[in-house]
*Asks:* 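Structure in structure tokens, see below.
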Amino acid sequence: MTSIARPSPSPSPAPAPAGPTVVHVTVSDPRARPLLRELGEEYTARYGEGAHDELARYPDEEFTAAHGGVLLLLLEGDAPVAGGAFRRYDGTTAELKRIWTHSAHRRRGLARRVVAELEREAGVRGYRRIYLTTGPRQPEARGLYLTTGYTPLFDPEADPETIGALPFEKWLRPAPGQDGADRP
């Protein structure tokens with residue numbers, strides 16, 4: 001009997017990398033240091049001495065689950081490449097704070113991922129609305145929020161320097177079983 005050579009099956013393609021890992025941390029976690037350090041440096045470079053104080057404006061506890069908040073990082077291996085937080089603003093609103101992408105990892109969509117993860121987490125925790133402010137000298141942040149569906153609560157045609165802090169909001173989709181009755 002003649003044996004017919006059959007081609008061996010092609011190996012399955014390797015799964016695409018999932019991207020950075022999301023971890024929830026506390027402000028005191030050593031992995032959060034690059035986020036806080038680089039944010040402080042950027043605030044100082046854009047707004048001058050004293051701007052670094054923005055990072056100490058709220059107690060660290062406000063970014064913990066026990067107080068209605070969260071601080072998360074995106075890690076590649078053990079290295080933080082992006083991160084952000086929210087705190088309880090009121091009973092239905094989370095306030096985004098400290099959105100950051102490491103300077104060596106920008107232009108990769110990581111900030112969008114951080115915002116999406118924070119929105120998802122806020123929704124899981126029952127928040128219906130996201131509120132945030134960004135500084136007038138942060139056009140990258142302004143662009144991020146505009147392109148991710150946030151509504152400016154200011155005249156976007158005005159000179160940002162004449163406004164000061166630029167407020168935005170976004171209403172989250174109701175979770176299944178919620179009717180959205182408290183949404184305007």
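Computed from a prediction, not measured in an experiment: that's the story for all the values here.
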*Asks:* Closest heavy-atom contact between Leu166 and Gly135?
*Replies:*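 Reported closest heavy-atom pair: CD1-O, 4.0 Å.
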
*Asks:* How close do Val27 and Ala32 get, counting heavy atoms only, and between which atoms?
*Replies:* O-CB, 3.9 Å

*Asks:* If the threshold is 4.0 Å, N to carboxylate O, is there a salt bridge linking Arg106 and Glu42?
*Replies:*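 Yes, charged N to carboxylate O under 4.0 Å.
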
*Asks:* Suppose we screen for side-chain hydrogen bond (donor to acceptor under 3.5 Å, both in side chains). Which residues come up paired with Glu61, at least two apart in sequence or across chains?
*Replies:* none

*Asks:* Kindly give the heavy-atom pair with the smallest separation between Ile130 and Ala122, and that separation in Å.
*Replies:* CD1-CB, 3.7 Å

*Asks:* The criterion is ring pair (Phe, Tyr, Trp, His ring centres under 6.0 Å); which residues satisfy it with Tyr47, sequence neighbours excluded?
*Replies:* none

*Asks:* Please tell me whether Glu49 and Thr44 have a donor and an acceptor in their side chains that are separated by less than 3.5 angstrom.
*Replies:* no

*Asks:* Tyr145: which residues meet the ring pair (Phe, Tyr, Trp, His ring centres under 6.0 Å) condition with it, sequence neighbours left out?
*Replies:* Tyr150, Phe168

*Asks:* Among residues at least two apart in sequence or on other chains, which ones pass side-chain hydrogen bond (donor to acceptor under 3.5 Å, both in side chains) with Arg88?
*Replies:* none

*Asks:* Is the shortest side-chain N to carboxylate O distance from Glu140 to Arg46 below 4.0 Å?
*Replies:*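 Counted as a salt bridge, because a side-chain N and a carboxylate O are separated by less than 4.0 Å.
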
*Asks:* Could you verify whether a donor N or O on one side chain and an acceptor N or O on the other, from Thr92 and Arg128, lie under 3.5 Å apart?
*Replies:* no

*Asks:* Got a sec, which residues hit side-chain contact (heavy atoms from CB on, under 4.5 Å) with Arg31, two or more places apart in sequence or on another chain?
*Replies:*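 Expected list: Val23, Val25, Asp29, Leu73, Leu75.
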
*Asks:* Among pairs that include at least one residue of residues 141-163, which meet salt bridge (Lys or Arg N to Asp or Glu O under 4.0 Å), considering only residues two or more places apart or in two chains?
*Replies:* Arg137-Glu161

*Asks:* Locate the shortest heavy-atom distance separating Ala85 from Ile99; write the atom from each residue and the value.
*Replies:*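 Scanning both residues, the minimum pair turns out to be N-CD1, 4.3 Å.
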
*Asks:* Kindly write out the residues that satisfy side-chain hydrogen bond (donor to acceptor under 3.5 Å, both in side chains) with Thr26, not counting sequence neighbours, or none if the list is empty.
*Replies:* Ser28

*Asks:* Partners of His105 by ring pair (Phe, Tyr, Trp, His ring centres under 6.0 Å), sequence neighbours excluded?
*Replies:* His102

*Asks:* Tell me, please, which residues at least two apart from Ala82 pass side-chain contact (heavy atoms from CB on, under 4.5 Å).
*Replies:*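 side-chain contact (heavy atoms from CB on, under 4.5 Å) check on Ala82 returns Leu74, Thr101, Leu110, Val114.
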
*Asks:* Could you list the residues that satisfy side-chain hydrogen bond (donor to acceptor under 3.5 Å, both in side chains) with Arg98, not counting sequence neighbours?
*Replies:*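 Result, side-chain hydrogen bond (donor to acceptor under 3.5 Å, both in side chains) vs Arg98: none returned.
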
*Asks:* Determine which pairs satisfy ring pair (Phe, Tyr, Trp, His ring centres under 6.0 Å) with at least one residue from residues 115-143, sequence neighbours left out, and list them in order.
*Replies:*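 Counting only pairs at least two positions apart or across chains, the ring pair (Phe, Tyr, Trp, His ring centres under 6.0 Å) contacts touching residues 115-143 are Phe86-Tyr127, Tyr89-Tyr131.
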
*Asks:* Restricting to ring pair (Phe, Tyr, Trp, His ring centres under 6.0 Å), what partner residues turn up for Tyr58, sequence neighbours left out?
*Replies:*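 Per chain and number, Tyr58 pairs via ring pair (Phe, Tyr, Trp, His ring centres under 6.0 Å) with no residue.
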
*Asks:* Taking only Lys NZ, Arg NE, NH1 and NH2, and the carboxylate oxygens of Asp or Glu, determine whether Glu62 and Arg57 approach each other closer than 4.0 Å.
*Replies:*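 No, Glu62 and Arg57 are not salt-bridged.
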
*Asks:* May I ask you to test the Gln138-Tyr43 pair for a side-chain heavy-atom distance under 4.5 Å?
*Replies:*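 With C-beta onward as the side chain, the pair touches.
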
*Asks:* Is the closest side-chain heavy-atom distance between Pro136 and Ile163 below 4.5 Å?
*Replies:*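 Pro136 vs Ile163: side chains apart.
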
